[in-house]
Amino acid sequence: TRTDDTTTAASSAKLDVDVVVVGAGFSGLYMLHKLRQLGFSARVLESAGDVGGTWYWNRYPGARCDIPTTDYTYSFDPELEKAWTWSEKYATQPEILRYAQFVAERYDLRRDIDFNTRVVAARWDEAAARWRLRTDTGQDITCQFYVMASGCLSLPKAPDIPGAGRFKGEVYLTGRWPHEGVDFTGKRVAVIGTGSSGIQSIPHIAAQASQLTVFQRTPNFSIPAGNGPVRPERLAPLQADRDAYRHAAKWSRAGVPNEPTQIYGRYSPPEVHRERFEAAWQSGELIPILSVFADQILFRDANAIVAGLVREKIRGVVQDPQIADLLCPTDHPFGTKRPCLDTGYYATFNLPHVRLVDLRRHPIQSITETGIELAGEALAFDAIVYATGFDAMTGAIVSVDITGRDGLTLKQKWASGPRTYLGLMTSGFPNLFTITGPGSPSVLSNMMVSIEQHVDWIADCMARLRADGMTAIEPTDTAEAGWVQHVDDCANITLYPTADSWYMGANVPGKPRGFLPYVGGVDAYRAACDEVVARDWLGLKRS
Ligand code: FAD
């Protein structure tokens, strides 16, 4: 069994294949499998040393999924499902990585993957109707179809703090964690950032460090995961009828079977508020807590009910009322930033060696050789952990120098925000596909369901093009403009755009503001994608 850092020599200087796939995470792995089944020649290029994507890179302590693993799993092969059993409600990163490796071995995927190979540029050759790709290993590859399976949360945001390069102690980035792990025993540790990676890792780091200082710019809502063995009642519908369960996931709002409620928070009495909230809280799952009321993401008053009850929970755990206040989010409606799932996060701030620094009141002046300087206070550290998030959804795509028709680069085209048709394609860039791209449900959904849907759609599109004797496909400008408008319209009737979130691009200085994923739901989205095909590729030009 190969476990890690499988290095494939990037030997072939020139290669021509039907399809190049960038990325060997869950998207790239399934894409490769599907392409092979359809008889396409394909090559996957991956900058990491092995498969797994997100789960290869994010090895920080406490890293887990936040969608129950029985749902966060491939469903394309029932036999694969029988061959793998998850050990917990929310599996740890090592277990999810082992699953990705298991899948790679089961379908013999590694032989078509070049690891340690970064795609740096791609150019559409109009005369040849092919893409020409360049890698950092000097490969020159041509292909008919080019698929960016490069991940929505795969490009960590560089720390934008003055003096960040000066620190002489240990420096870690949660999204690039060392494979051998880190022992913080007896060390003075700073964690910068309280998004999901910070919230998952802080209790673990606190358990080892002699002193832990958490630097928080914005508090996030987090709910206790209630991890452990999968509850029998949660597993029962899957075991009773796998196909029906997976079908329900595909046609659900967020990729996990869930009956949408018709109950409005603003029209129901306080006892109903509390009862419904408690049930969602006890589930330890994101989708129930994000759908306590039908109107919580639409209206501030309904949202405030849920947000207020979460704050009540935080205050019930954190002993010092001033610290509790700092940990209670008040600057964004509940759910407009992705809420976190935690194990013991808030209780960590009751420990005597853990300190919380509010960066809004005490901004970092500079990182120094020995630590972190605030106005009037210098703090010394042995290690700094950056849990500062990702350039989400578009970062990995535009970091490749992609040039489409007429010399236009994707970076130029998306300068004021991404423009796509269905989050799958963009005009002027024929035969380029993005998996879980901007304008699709993507990060608002159980990604496994969205990945499988995109891979199936893209593979079907390529196969039909081939069957019809055609070579290229791209959206019309009109269809794309219509979809962009629809994505915006859907977002604008919700509270989502009111938050400074990574969904809005707000965490990356200079990134254009705009709600990146499609909020209309996995079910409505799937219907739209199916309809495009049923109506003879509505909105797409084929040649
Ligand atoms: P990735 O797994 O990100 O893989 C993309 C790969 O592309 C990477 O390995 C990267 O190295 C490679 N790549 C990128 N650019 C290039 C290039 N130019 N050249 C070569 N290679 C390149 N989603 C959920 O639905 N549920 C969860 O519980 C959940 N938990 C998460 C927890 C964490 C800590 C993080 C960071 C994300 C989580 N996600 C979750 C989102 C997660 O990213 C997706 O679920 C899924 O793993 C994405 O798979 P992917 O293959 O599309 O992308």
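Every number for a ligand or one of its atoms is a count from 1 in the order of the listing. Residue indices begin at 1 and follow the sequence shown.
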### Task
Decide whether D18 and Q144 meet the rule of one side-chain donor and one side-chain acceptor closer than 3.5 Å.
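D18 vs Q144: no donor-acceptor pair found between side chains.
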Would you indicate which of [options] comes nearest to [atom] when only heavy atoms are counted?
atom	options	result
atom 5 (C) of ligand 1	P68, S150, A100	S150
atom 42 (C) of ligand 1	T54, V455, V21, L155	T54
atom 41 (C) of ligand 1	D401, I397, L153	L153

Test of understanding: given a 4.0 Å heavy-atom threshold, classify the contact between [X] and ligand 1 as side chain, backbone, both, or neither.
X	result
S197	neither
Y30	neither
V120	neither
Y56	neither
T135	neither
Y90	neither
A63	neither
N58	side chain

### Query
Is R338 salt-bridged to D66, going by a charged N under 4.0 Å from an acidic O?
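A salt bridge is present here (some side-chain N lies under 4.0 Å from a carboxylate O).
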### Query
Is R110 salt-bridged to D50, going by a charged N under 4.0 Å from an acidic O?
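So R110 pairs with D50 through a salt bridge.
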### Query
Do any nitrogen or oxygen atoms of D66 lie less than 3.5 angstrom from nitrogen or oxygen atoms of ligand 1?
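It does: an N or O of D66 is found under 3.5 Å from an N or O of ligand 1.
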So for [X], does at least one of its heavy atoms come nearer than 4.0 angstrom to any atom of ligand 1?
X	value
S445	yes
Y72	yes
C152	no

Per-atom contacts of ligand 1 with [X], taking only distances under 4.0 Å to non-hydrogen atoms:
X	result
G23	6 (C), 7 (O), 12 (C)
G25	2 (O), 4 (O), 51 (O)
V400	18 (N)

### Message
Determine whether a donor-acceptor pair (N or O, by modelled atom type, separation under 3.5 Å) exists between the side chain of W457 and the backbone of R526.
### Response
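Between the backbone of R526 and the side chain of W457 there is no qualifying donor-acceptor contact (under 3.5 Å).
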